Structure formats: structure tokens, C-alpha cells
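In what follows, chains carry the letters A, B, and so on, assigned in the order in which the sequence lines appear, proteins first and then strands, with residues in each chain numbered from 1. Keep in mind the model is a prediction, meaning the values are calculated, not measured.
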Amino acid sequence: MSQIDEKTLTKIAKLARIRMTASELSDSAVQLSRIFDWIEQLQKVDTEGVEEMSGVGNRVMRMRTDEVTSGDEREAVLANAPQKAFDCFVVPKVIE
Amino acid sequence: MSELNKLTLHEARNGLKNKDFSAVDLTKSYIQACEKYKKLNAFITETHEIALKQARESDKVLSGKGRPGLLEGIPIGIKDLFCTKGTLTTAASKMLGNFIPPYESTVTANLFARGAVMIGKTSMDEFAMGSANITSHYGNVINPWKRSGDNKDLVPGGSSGGSASAVSAFMCAGALGSDTGGSIRQPCAFTGIVGMKPTYGRCSRWGMVAYASSLDQAGVMARSVQDSAIMLESIAGFDEKDSTSANIPVPHWEKEIKTDVKGLRIGIPREYNVKSLPEDIKALWEKGTMWLKDAGAEIVEISLPNTEYALPTYYIIAPAEASSNLARYDGVRYGHRTTNDIASIDDMYEKTRAEGFGAEVKTRIMMGTYVLSHGYYDAYYKKAQKVRRLIAEDFRKVFEKVDAILTPTTPIAPFPIGERTDDPVSMYINDLLVVPASLAGLPAMSVPAGLNSEGLPLGLQIIGNAFDEQTVFNIGSAIEEAADFKATPEGF
């Protein structure tokens, strides 16, 4: 059984940067425990010596030449910014 | 001119070529249908002004001023996760509720280069996470089909539910969808239309809002197999901007379609005959097998032994990739940002994400963060990646013996909105039979093949070998011919 307690979930919510209320956390604990109980069946599969599969197709990333392909797009880049000033994104103060 | 919207895409194309009507006439007929069936809530953004402008351009081309593209003057619905330059693109999330892309996705750029007309951006499950289209920030999408003698609204399936409803209700000639774990095939089965997910790498993912990048693949939804081939041909192709894009030429699928399946070896996987499979779906599967056998195909019983593990594998891999992909929504560069008081940048991130994401998206981000976190990574994420290999290997071995695989698309028929919501796993089961091909990156189609006892459409799934979409189109069109599926939702 994979019981996911609220303490673990509090940590996960912090890692995921999602603020959750106490009741959301307890609902989520019940729901995730249910899902992971079901997922637990994977442990039955014998995967000894099996290589992990991270994707389909080309295993080697294609390289491209190191050259500038675009630029001078400041306006487009900033067009959707929730807050901007002096052609920069604005965020709350991050250094004391 | 009435009912132009009822034509299939290739009929409409012929009509335009023969000047029986103009692209503007055709577009207006679809706009009328969109106005009339607003209650289905299939679109998040209607782009009728853009559509008329594009149609006028197409009419110029069709009158001899240029070479008409494959989709010249044809009105198409676009799932709202393809970035369209200058047109709101939300992925059905509050998080992107104000996002106007400054660039065009490769797939939609290809579509427009072939002359397509954009009728609107279709609704979907939020960030493509869902299989009933009940997680959209913009409300539930409604299936145009109803059970006979019952007026309850049914789900259209998901995540490409808006596209499915729009095509099924004649609000566009075809639509773009995306498939991560069945999100094209499953809603197409639920709405009685054709859906094609190509091989992973066929269509560029550039400019497509990401859910799970090793699985996400664009595809098409239409009212005939031929239409789906025309559309796929229009959007597929190599793209420098997507590192997983396959650098191989796009075949002329439409021209090459043959309904002759003589000598083809069709695999029937015994593991897809799950205990919960209803009798009518089982019977339809048998009927489909007989159609192909009668047409001269060789039926081969096959085994894909790890099938039952596909769904739990998917629910580790997809959320893991999602938790990483959706980390970009931080309220800094675009999208929603909290307007509540904030004490720090972390506080801003946490409130922004709590407000911007819906419940299902939060659940999947939490699942993904959990399986990638210290202490659980090996037990869950690595384990799932290994099982994914076994599932892909099952297919590889089987394709040494068969040319394609035939299965039902879904283990259930469309159900009323609100049902199957008590337990998340009972909703995930909708995708039981479509997820394995997604994990293996194989091309797969759903083709409508009959109605159940309640008068609801059911689909058959054809899974092909990697980059052999042609065989899938061929078998799909043989089934289409044998099934002679002419039913349409009542009142549309």
C-alpha cells in the first residue's frame, strides 16, 4: 500500500510551488494514495536488466551549427509579460 | 447555398475546384453552424473574421491567381494548444487565459501554407490532461450524440473533445488534435469520426503547448479516412526546431490509399479483450475482424503481454514530464500572475500556480513531482521507463509477424457528464486501449464502425508499424467501406 501522508504532500507541494490549503492537502492525500495504490501493480513486472526508455526514435540528439538564427525580438518577447519595466521582466525582490 | 458544411473535406475541395461554390460560401456555412451549435461549447475562441479573410484570399488563389494548396479554402478547427500568432491560445487553462502567442506553431504554419481557413480554436481538457473534456477552464464540451430516448448530455471524450464535437457537429471540415495517451482516437470514437495519430516524430511539436514531450504528437480529426490523409499530409514534415522531429519525407498518403487489404496480416491482440469489455464492443471487434478476413486479409492471433501495465506506466511518465514542462508557468514572462499580496518570489510562484492551474492539472503536477523526488525516483519513474521499454518491445516483436493490429478504440461508449468522477482511476480507464500505442510512438487510427444498442458511435483502432501510416490509412478505408457508417448525431 502506498499511503501518501500529508507531511510528504506538503513537501511535494512546496517542490511543485503550488500553494495548498490544509483541506486541499488532505483531499489530495486521499486521491494520490488511491492512484498510487493502483500504480503499485507495476512492481510485479520483472524488469531485471531492462534498459530505461526515455523516448521514441533518435537516441542521439541532432546537432545544429552554432549560429545566431534570430534576434531583436524584444517587443515580442515582452509582449505577454504580466509586469515589465525598462524592457525587462519585473519580479519581486530576490536579494536582501 | 445550404448544407455545404455537410460535405466531407474532399467533396468540399472538389466543389471549390469546380467552382460550384466559393471558399467564402463554404466558410459562411460553417460559421452558421458554429452560431447554431454554440451550446456544445466546442470552441474557446471563434475566429470568424480571420476565417472570412483567409477564405477571400483562397478564392483569389482558386480563381487562378496562384497554385491552390492541399487545403485551399477549407475551414479547419484548431485545438487550443497550437500557438497561433496573434490569436489567443489558452490550452484551456486560466494560466494562459490572456496568452497571445507572438509566433506560429509549425503545424499551423504548415496548415495555413496549404491554404486552410481557421474557423476557431477548439476547447480541450486543461493542458490536454483528461479524457472527457470536463477539466477545461472554459466549461464542459458537450457531445452532439445522445443516447436514444435520453436527453442527458454526454462527454465527447478528451482531451481533444472540442475538436471532436466540432467535426462531428459539422462546425468545421476537419480539426487538429493532439495525442499524448489517446487524446485524438478516444474522442473520435466517442463522436463517430475518424482520428489519426501519426508516428511520434512525424509532426513537429514546435509551438505546441507541452504536456508530456516524449509522448505528445499532433494529429488530425475528420469525417472520412481520405480527409484525414489529406490533413495529415498537410501538417506533417521535418522541422529543425523540434529535436525529435523525424527527417524523412512525407508520403502522398491520400493518393496512395488502397482499400485492397488482400494478403495483409492483421494481428488481433488477446490482451485487449479485457474482462470489462462490453458485449457490443466485443461484437463490433469481431465484425471488423471478419470484414478484413472477407476482404482477403490474414488474421493472426497475437500477444502483447505487457498491455495491462501500459496505463499505470503512462500515469507515471506523463505526469513526470508534465511536472517538468509546466514548471515554466511562473507568472514572470507570460500567463497568469497572482494579484494577491506577496511576501517573496516563492510566495508569488506558489500563489500564481495555485490560482492558475485547475484541480486535475495540480494532481498530475503533484504526481509527477512525487515520482521524480528523492527516494521515489527509482521505484516509480525508472521502473515505468523500463516497463515502457517492455511495452515497445512487445510491439516490435509482433510487427515481425503482422502488418497492423486491430482492436476496439475504447472499452466503453460515451457516458453522461458527471459520471465516473468519484475515482480518478475509473476515468483513466477510458484510455486503456489507446495508451499502449502512444507509449510505443506508433501510428494509430480510430475509425467509426457501428452504433451500440443505445445508438451511440463505437470505433475500431488500427495500430501500424512506425512510419507506416499508409497501411493504417488503407486498412482504415477498408473498414470504412465495409462498415458503411453513415450515422450522424440527431438534429445536426
Closest non-hydrogen atom pair, B:S373 against A:L15: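 Closest approach of B:S373 to A:L15: CB-CD1, 4.4 Å.
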Chain B interface, residue from A:Q43, A:R64, A:E75 that has the most non-hydrogen pairs under 4.5 Å: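 The answer is A:Q43.
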Measure distances from B:V332 to the heavy atoms of chain A and classify the residue's part below 4.5 Å as side chain, backbone, both or neither.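 Its backbone and side chain both get close to chain A.
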Heavy-atom distances under 4.5 Å only: say whether A:T8 touches chain B with side chain, backbone, both or neither.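 Side chain only.
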I'd like to verify something: which residue of B:R353, B:R333, B:E308, B:E240 has the highest number of heavy-atom pairs under 4.5 Å with chain A?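 Highest number of pairs under 4.5 Å: B:R333.
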Relative to each other, are the rings of A:W38 and B:Y428 parallel, tilted or perpendicular (30° and 60° limits)?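 Tilted.
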When heavy-atom pairs shorter than 4.5 Å are enumerated against chain B, which of A:K93, A:Q83, A:K84, A:K11 gives the highest number?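 When all of A:K93, A:Q83, A:K84, A:K11 are compared, A:Q83 has the most.
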Best-contacting candidate, B:D423, B:L439, B:L326, B:L215, against chain A by heavy atom pairs under 4.5 angstrom: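 If we count pairs closer than 4.5 Å to chain A, B:D423 comes out on top.
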For A:A76, is it the side chain, the backbone, both, or neither that has a heavy atom closer than 4.5 Å to a heavy atom of chain B?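 Both parts, heavy atoms under 4.5 Å.
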Taking the basic N atoms (NZ, or NE/NH1/NH2) and the acidic carboxylate oxygens, is any pair closer than 4.0 Å for B:D347 and A:R19?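 A salt bridge links B:D347 with A:R19.
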Side chain to side chain contact (heavy atoms under 4.5 Å, CB included) between A:E40 and B:Y380, intermediate numbers included: CA-CA 9 Å; A:E40 212 55 38; B:Y380 289 117; 3.2 Å; yes
Less than 3.5 Å apart, any donor N or O on the side chain of A:E73 or B:Y103 sitting next to an acceptor on the other?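 No, no side-chain donor-acceptor contact under 3.5 Å.
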Is it the backbone or the side chain of A:K44 that comes under 4.5 Å from a heavy atom of chain B, or both, or neither?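 Only the side chain of A:K44 comes within 4.5 Å of chain B.
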Heavy-atom contact with chain A under 4.5 Å, split by part of B:T199: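 For B:T199, neither part sits under 4.5 Å from chain A.
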How far apart are the C-alpha atoms of B:T363 and A:Q31, what are their side-chain angles, what is the distance that settles it, and do they pass the side-chain hydrogen bond (donor to acceptor under 3.5 Å, both in side chains) test? CA-CA 8 Å; B:T363 296; A:Q31 197 177 26; 3.3 Å; yes
In terms of heavy-atom pairs under 4.5 Å with chain A, which of B:L311, B:N247, B:T352, B:N306 leads?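 Most heavy-atom pairs within the cutoff with chain A belong to B:L311.
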Under a 3.5 Å distance rule, please check whether B:R389 uses its side chain to pair with a backbone N or O of A:E52 as donor and acceptor.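 Answer holds: yes.
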Can you name the nearest heavy-atom pair linking B:N98 to A:N80, along with the distance?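 Taking every non-hydrogen atom into account, O-OD1, 3.6 Å.
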Closest heavy-atom contact between B:K383 and A:T47?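 Where B:K383 meets A:T47 most closely, the heavy atoms are NZ-OG1, 2.9 Å.
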Top contributor to chain B contacts, counting heavy-atom pairs under 4.5 Å, from A:L42, A:V45, A:I39: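 Heavy-atom pairs under 4.5 Å are most numerous for A:L42.
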Does atom NZ of B:K85 have more than 12 heavy-atom neighbours from other groups under 6.0 Å away?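 No, the 6.0 Å shell around NZ holds no more than 12 heavy atoms from other groups.
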About how many Å separate CD1 of A:I12 and CG of B:L372, when rounded to the nearest 0.5 Å?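 Going from CG on B:L372 over to CD1 on A:I12, the span is 9.5 Å.
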Side chain from CB out, backbone as N, CA, C, O: work out which of these in A:D27 comes under 4.5 Å of a heavy atom of chain B, or both, or neither.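 Contact with chain B is absent: no heavy atom of A:D27 under 4.5 Å.
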Engaged part of A:L9 at the chain B interface, taking heavy atoms whose separation is under 4.5 Å: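 Both parts, backbone and side chain.
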Tell me, with the steps shown, if A:M20 and B:M366 meet side chain to side chain contact (heavy atoms under 4.5 Å, CB included). CA-CA 11 Å; A:M20 285 191 152; B:M366 295 284 282; 3.9 Å; yes
If you measure from the Lys or Arg side-chain nitrogens to the Asp or Glu carboxylate oxygens, is any gap between A:K14 and B:E350 under 4.0 Å?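 A salt bridge links A:K14 with B:E350.
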Please look at B:A440 and chain A and tell me whether the side chain, the backbone, both or neither of the residue comes under 4.5 angstrom of a heavy atom of that chain.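 Contact with chain A involves the backbone of B:A440 alone.
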Provide the closest heavy-atom pair for A:S54 versus B:S214 in the form atom of the first, atom of the second, distance.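 Taking A:S54 first and B:S214 second, the nearest heavy atoms are O-CB, 3.4 Å.
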Calculate, to the nearest 0.5 Å, the distance between atoms CZ and OH belonging to A:F89 and B:Y334 respectively.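 Going from the CZ atom of A:F89 to the OH atom of B:Y334 covers 9.5 Å.
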For the pair A:R62 (side chain) and B:S245 (backbone), establish whether a donor and an acceptor sit closer than 3.5 Å, ignoring hydrogens and angles.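 It does hold such a pair.
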Where does A:V94 contact chain B at under 4.5 Å (heavy atoms): side chain, backbone, both or neither?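 Side chain only.
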Below 4.5 Å, heavy-atom pairs only: which of B:Y349, B:Y381, B:F357 has the largest tally toward chain A?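 Most heavy-atom pairs under 4.5 Å with chain A: B:Y349.
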Option that, when pairs with chain A are counted at under 4.5 Å, heavy atom only, ranks first among B:A343, B:G441, B:P424: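 It is B:P424.
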Please flag which part of B:M348 lies under 4.5 Å from any non-hydrogen atom of chain A: side chain, backbone, both or neither.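 Answer is side chain: those atoms of B:M348 sit under 4.5 Å from chain A.
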Interface residue of largest heavy-atom contact number with chain B, from A:V90, A:T21, A:T69, under 4.5 Å: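 With the most close heavy-atom pairs to chain B, the winner is A:V90.
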Given the options B:I365, B:D346, B:I342, which has more heavy-atom pairs under 4.5 Å with chain A than any of the others?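 Heavy-atom pairs under 4.5 Å are most numerous for B:D346.
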